[in-house]
Amino acid sequence: MKFKDHHIISTRNFSREMIDHILAAAEKMETIANGEQRSDLLAGKVLAVLFFEPSTRTRMSFETAMLRLGGDVLNLGSVDASSISKGETLADTIRVVDGYADAIVLRHPREGAAQLASEFSRVPVLNAGDGAGHHPTQTLLDLYTIKRESHLDGLKIALAGDLKYGRTVHSLCYALSLYGAQITLISPNELRMPEEIISDIIARGAKIIEVDSIDDAINDVDVLYMTRIQKERFPDAAEYQKVANKLKITMETLKDVKHELKIMHPLPRVNEIDTKVDDTPHACYFKQAFYGVPVRMALLGLVLGAIE
Amino acid sequence: MSDIDTELRVRRIENGTVIDHITAGKALNVLKILGLPDSSQGVVSILLNSKGKYGQKDVVKIENRELKVEEVDKIALIAPNATINIIRNFNVTRKNKVHIPSFVEGVVECINPNCISNSNEPITSKFKVNTEDTNLKLRCFYCGRVISENIAEHLL
């Protein structure tokens, strides 16, 4: 399977074979990602990191992925100090930067920005989030986490929180449908997953169950994927608090769960997972953040043609 | 007598194109999509709410310009039953139905205000056209947002 010179814009149209190929490549990167082994796989290659929006983990894990493979990183720095503040278009920025680097990582506040960048760039573009659009490396690292910490075949997973606006959970559901997962959706009525997405993922092979409380689902699943509910989605603080309390994981919530249950979260969390849960074998969100490194290493290696 | 011959309230054209069977009330939108009359040297005439075999319809006549079917296909988004008649020496020499294209560029604007195609970037809007359901759907090539109703309201 050839990924060389491919842009990574969205996983929406990825086949199961493509995803499996990337996850297998990531597994081989793990000892390099954790510093056990040194690599110069991408020595002499330069990655341009263009973040038009703040981000900590995505930017840092892309940078460390490149550095761990012996490559170099070129950072856009602050948008205020760059030509963008003078009104330069993204298309122009891309046409300039592709002359400085071998691949471009882009995060941009507008949906479709990565697609646009791919049309103007002569080097591969990796989408690190375009507004409320896609965030393919997050989806891939979520799948990798499930594969490493649980299993993708015959998976029973529950997704909890904001399932209406959360692009992370939408993309994850599309990908999990390729594996025929049983997906339980847990959300307050006002943050339900859009009907159109539910029917799409059922058509692609997933089984969907909808419930409105974590207790109704948690004892039966292999993975619980929590997301943050944003206060701004609610008309008043009391309404938010009511919903937030209902979708909270505490030690009490975990008393009858499967021994092998894993809890994931794309982070940052606010208070949806009690910090006491961090010390249980169920907590897997920090490992999930680490898994972003081997997955991004694999993608960089693949699109730059250093591995196949 | 053909439909074209009966449309004498607006004079017959000697040479050019007649777009017939346009959904009633959509002729002005058809002109907008085709960039008419700016893109034509000759006279462009329109009939609104003309009586046809299947109820009311609009008709557009463009003198001295033969439009290609592919050129006109994009009007199928708002007038899926339209026909294109090429007229030479007052006779219909070729008649084609429009086909709904699978992809349209620069015709409709995305309804998502935060879509990159609605910024000052040097790109034109692009949509994949989905005709699987009875309802025509346009999916933005950039942000994925779907337009499923009132397409005419979003013409560029």
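In what follows, chains are A, B, ... by sequence order, proteins preceding strands, each numbered from 1.
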Please say whether more than 12 non-hydrogen atoms of neighbouring residues, nucleotides or ligands are located less than 6.0 Å from [atom1] in [X].
X	atom1	answer
A:Arg57	CZ	yes
A:Lys231	NZ	no
B:Phe103	CZ	yes
A:Met60	CE	no
A:Arg204	CZ	yes

- Query: Step by step, would you call A:Phe120 with B:Ile123 a side chain to side chain contact (heavy atoms under 4.5 Å, CB included)?
  - Reply: CA-CA 10 Å; A:Phe120 287 91; B:Ile123 49 167; 3.7 Å; yes

If you round to the nearest 0.5 Å, how far is [atom2] of [Y] from [atom1] of [X]?
X	Y	atom1	atom2	value
A:Glu196	B:Ser148	CD	OG	7.5 Å
A:Leu116	B:Phe141	CG	CZ	10.5 Å
A:Thr93	B:Glu121	OG1	CD	7.5 Å

- Task: Heavy-atom distances under 4.5 Å only: say whether B:Asn114 touches chain A with side chain, backbone, both or neither.
- Result: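 For B:Asn114, heavy atoms of backbone and side chain both lie under 4.5 Å from chain A.
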
- Top residue by heavy-atom pair count (under 4.5 Å) with chain A, among B:Cys140, B:Cys115, B:Ser117?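 Going by pairs under 4.5 Å, I would pick B:Cys115.
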
- Answer with side chain, backbone, both or neither: which region of A:His108 has an atom nearer than 4.5 Å to a non-hydrogen atom of chain B?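 For A:His108, side-chain heavy atoms alone lie under 4.5 Å from chain B.
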
- Would you call A:Glu119 and B:Lys126 a salt bridge, using N to O less than 4.0 angstrom?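 Here A:Glu119 pairs with B:Lys126 in a salt bridge, since their nearest N and O are under 4.0 Å apart.
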
So, the side chain of [X] versus the backbone of [Y]: is there a donor-acceptor pair under 3.5 Å, distance only?
X	Y	result
B:Asn120	A:Thr89	no
A:Arg110	B:Cys143	no
A:Glu111	B:Gly144	no

